[in-house]
Amino acid sequence: MSEHIIHSDTLAVAEIAVRLGSIYAQEALLDAILEEAIRLSNADGGSLYLVKNGQLEFNLVKNLSLNLNFGREQKLPDGFKPIPISEDKAKHLCVYAVQRCKSVNIPDVYQNTTFDLSGTKAADKANDYISRSLLTVPMMDHNNKAVGVLQLINAQNQEGDVIPFGSSIQLLIEALSNMAAVSYNNTCLRLELSQLFDSFISLIANTIDENSSYTGKHTRRVPELVIAMAEKINRCRTPPFNRIHMNHAQIYEMSIASWLHDIGKIIIPKNLLERKTKLETIRDRMEEVKLRFALKSYEIEIAFLRGHLSEEAYRKQDQTLTEDLAFLTRCNQGRHSLSAEDIHRIEAIALQNVIIDNEPQPMLPPHFVRCLSITKGVLLEEEKIFIRKQIQNGIRMLESLPFPKNLQGVPQFASEYHENRTAEGALQEGSSIQARIIAIAESFESLTASTHPNRPKHRLSAALLKMAQQKGQQLDADLFDLFVKEEVFQEYAKRYLPTHLVDEVPKDVLLK
């Protein structure tokens, strides 16, 4: 059976194609394209231009003899200005190659009379260099459109003498430039899609935060803490984190999960997210309670004036009304938990009668009693259940999205985080480290940056002490200790916390 012999140049191009296909960073890709073109043609140097906004922009300039590497290791000099792709520039070699989609192979720069090579000659004079052979190749993509230009200078033989670029070398460089154009387009497309995705995620996060003026920039700040935690874990050399390393892709995936961990808030009514008091709906119905108390006060005053009450009884009842109203006002705020005694007092107040429209009515309607009797916070149990349901609907929204392979963990991390928060305060066994990191970041941000009237801002030390109480429950103990030991909170505190809230942190107490 006959064997097919693969030419070494063809094999080299195939190897280059594999290399280019594996590079995702745009700058590294362009550098590799020029580097491989110089190596494949055995040239002394070369340039790479990109087509942008109707101009050819210098991107890279390399020269081995002169040890030049402009664009990466060295800044491009001011003389390397963009060249308009216009008819009046048609004599410019690179513009010609783009306009005609055609390669130009010049054996001797100084014998050429067709093109304007004054720029090349001026560079020669400035660098005490002589350009001879010049090969200019447009980078044509799959739509037969030039996305850039490769220009190589001074091909050399094995003895190091400058020779013209041969026809076989020209074909190889043309093949390379076309592959390079496709790779460059793919890289640009990946970058554009990544930027679009990040912008979309940011838009969702902004919408979540703006759905309630009391959440501030919570959704946008949690990812900062998440990334800071991941970086500290990567640098940690002690157990249990010395064997954990999160690469860039894993950190990015976790940060996206933290951006979207509250996506369910988008479908939660604003009046629930922003409720300041227990009786608030469109307005705070405490005003109605005050009106009822004013009517009751008027009643007892009339009774006193008509002689139905003694002055002592009148003053006593009026004082009781004042105290009861102040009590109900405090209960309405929801800042403190109510005791069984408090609830009994609310019920007793409600049983009093007040005359409204000539009809005796309870001092407090039944629904008011129920709302004011909320033991903690300002939401009824069914409203809390509704919010949890919408959070789960948000997770299902994430699970229904076709995340790419590198982001498939996003729904899982967000889901595990919320499971940890709703499971009687207990940390779920087997939950990912990503979800546990998000829990640390979310808890710290909420305690230090909340603008909700029922969640007052804490001093830095107080916030960390409250977090310490949740170690081994809602918060991972090892991660919290790392958060404290490495002072992950410090840079964040400097950026976002008012100076009067940044106090000394009692590490010895927190790490017990």
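- Salt bridge absent: R495 and E445 never bring a charged side-chain N and a carboxylate O closer than 4.0 Å.
- Note that the OG atom of S258 and the CG atom of L225 stand 9.0 Å from one another [nearest 0.5 Å].
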Check your understanding: Taking it one step at a time, do E36 and R39 satisfy salt bridge (charged side-chain N to carboxylate O under 4.0 Å, His left out)?
Key -> CA-CA 5 Å; E36 293 293 356; R39 184 178 66 83; 2.5 Å; yes
Exercise for review: Go through the steps to decide whether K471 and D481 satisfy the test salt bridge (charged side-chain N to carboxylate O under 4.0 Å, His left out), and finish with yes or no.
Suggested key: CA-CA 9 Å; K471 285 170 62 172; D481 287 349; 2.9 Å; yes
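- Residues G394 and I263 come closest through the heavy atom pair O-CG2, 3.5 Å.
- With sequence neighbours excluded, the residues forming a side chain to side chain contact (heavy atoms under 4.5 Å, CB included) with V182 are N186, listed by chain and number.
- Put simply, the side chain of R220 never gets that close to the backbone of S202: no donor and acceptor are under 3.5 Å apart.
- At least one side-chain heavy atom of D44 sits less than 4.5 Å from a side-chain heavy atom of N63.
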Check your understanding: S432 and Q412: side-chain contact (heavy atoms from CB on, under 4.5 Å), yes or no, with the steps?
Key -> CA-CA 9 Å; S432 64; Q412 174 196 341; 4.1 Å; yes
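- Expressed to the nearest 0.5 Å, how far OG of S41 lies from CD1 of I169 amounts to 6.5 Å.
- In this pair, H261 and Y417 present their aromatic rings perpendicular. The plane angle is above 60°, beyond the 30 to 60° band.
- The shortest heavy-atom contact between V488 and A228 is CG1-CB, 3.8 Å.
- The backbone N or O of C331 sits less than 3.5 Å from a side-chain atom of K278, completing a donor-acceptor pair.
- Across all non-hydrogen atoms, the minimal contact from V95 to P84 is CG2-O, 3.8 Å.
- Contact detail for E442 and V222: the closest heavy-atom pair is CA-CG2, 4.0 Å.
- A donor-acceptor distance shorter than 3.5 angstrom exists from the side chain of S177 to the backbone of E174, with no hydrogens or angles considered.
- Between the side chains of D262 and T219, no donor N or O sits under 3.5 Å from an acceptor N or O.
- Remark: the backbone N or O of A181 is not paired with any side-chain donor or acceptor of D141 at under 3.5 angstrom.
- Between L497 and R459, every side-chain heavy-atom pair lies at or beyond the 4.5 Å cut-off.
- In this structure, Q490 places its CD atom where more than 12 heavy-atom neighbours from other residues, nucleotides or ligands lie under 6.0 Å away.
- In the displayed structure, E382 atom CD is contacted under 6.0 Å by more than 12 heavy atoms of other residues, nucleotides or ligands.
- By the 30° and 60° cut-offs, the orientation of the rings of F444 relative to Y492 is perpendicular.
- The CG atom of N154 sits 7.5 Å away from atom OG of S65, with the distance rounded to the nearest 0.5 Å.
- Proximity of V410 to L401: side-chain heavy atoms (C-beta onward) are nowhere separated by under 4.5 Å.
- Classification of R235 and E486 as a salt-bridged pair fails, no side-chain N sitting under 4.0 Å from a carboxylate O.
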Practice item. Just do the side-chain contact (heavy atoms from CB on, under 4.5 Å) check on T448 and Y496 with the steps written out, would you? Key: CA-CA 9 Å; T448 57; Y496 297 120; over 6 Å; no
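- Annotation for K384: atom NZ counts as buried by contact number, over 12 foreign heavy atoms lying within 6.0 Å.
- Side chain of Q390 to main chain of K265: no donor-acceptor pair is present (N/O by atom type, distance under 3.5 Å, no hydrogens or angles).
- In this structure, the side chain to side chain contact (heavy atoms under 4.5 Å, CB included) partners of K389, at least two apart in sequence or on a different chain, are N393.
- The two atoms that bring G46 and I153 nearest to each other are N-CG2, 4.2 Å, heavy atoms only.
- What you find for N144 and M140 is that their closest heavy atoms are O-CE, 3.2 Å.
- Going from atom CG of L60 over to atom OH of Y49 covers 11.5 Å, rounded to the nearest 0.5 Å.
- Side-chain contact between L40 and I173 is present, with heavy atoms from C-beta onward closer than 4.5 Å.
- H92 contributes atom NE2, which lies 9.0 Å from atom OG1 of T136 (distance to the nearest 0.5 angstrom).
- A donor-acceptor pair under 3.5 Å is formed between the side chain of S400 and the backbone N or O of M397.
- Taking CG of N332 as the reference point, atom CD of E280 lies at 9.0 Å (rounded to 0.5 Å).
- Look at K507 and E487 and you find a salt bridge, because one of the NZ, NE, NH1 or NH2 atoms lies within 4.0 Å of a carboxylate O, short of that distance.
- Annotation for R243: atom CZ does not count as buried by contact number, only 12 or fewer foreign heavy atoms lying within 6.0 Å.
- A donor-acceptor pair is defined here as one N or O able to donate and one able to accept, closer than 3.5 Å; no such pair exists between the side chain of K232 and the backbone of L482.
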Point to revise | Check against side-chain contact (heavy atoms from CB on, under 4.5 Å), K466 and Q470 | key: CA-CA 7 Å; K466 286 186 78 71; Q470 299 175 347; over 6 Å; no
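- With hydrogens and angles ignored, the 3.5 Å screen pairs no side-chain donor or acceptor of S194 with any backbone N or O of R190.
- Residues P269 and F386 are in side-chain contact: their nearest non-hydrogen atoms beyond the backbone lie under 4.5 Å apart.
- Contact check for L48 versus Y184: no side-chain heavy atoms found under the 4.5 Å cut-off.
- Annotation: N247, atom CG; neighbour count of heavy atoms from other residues, nucleotides and ligands within 6.0 Å is above 12.
- L511 is listed as a side-chain neighbour of K485, based on a closest heavy-atom distance under 4.5 Å.
- Between L510 and L465, the closest side-chain pair of non-hydrogen atoms falls below 4.5 Å.
- Looking only at distances, a side-chain donor or acceptor of S199 sits under 3.5 Å from a matching main-chain atom of Q195.
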Exercise for review: Determine, stepwise, if the pair S168 / L172 fulfils side-chain contact (heavy atoms from CB on, under 4.5 Å).
Suggested key: CA-CA 6 Å; S168 60; L172 287 172; 5.7 Å; no
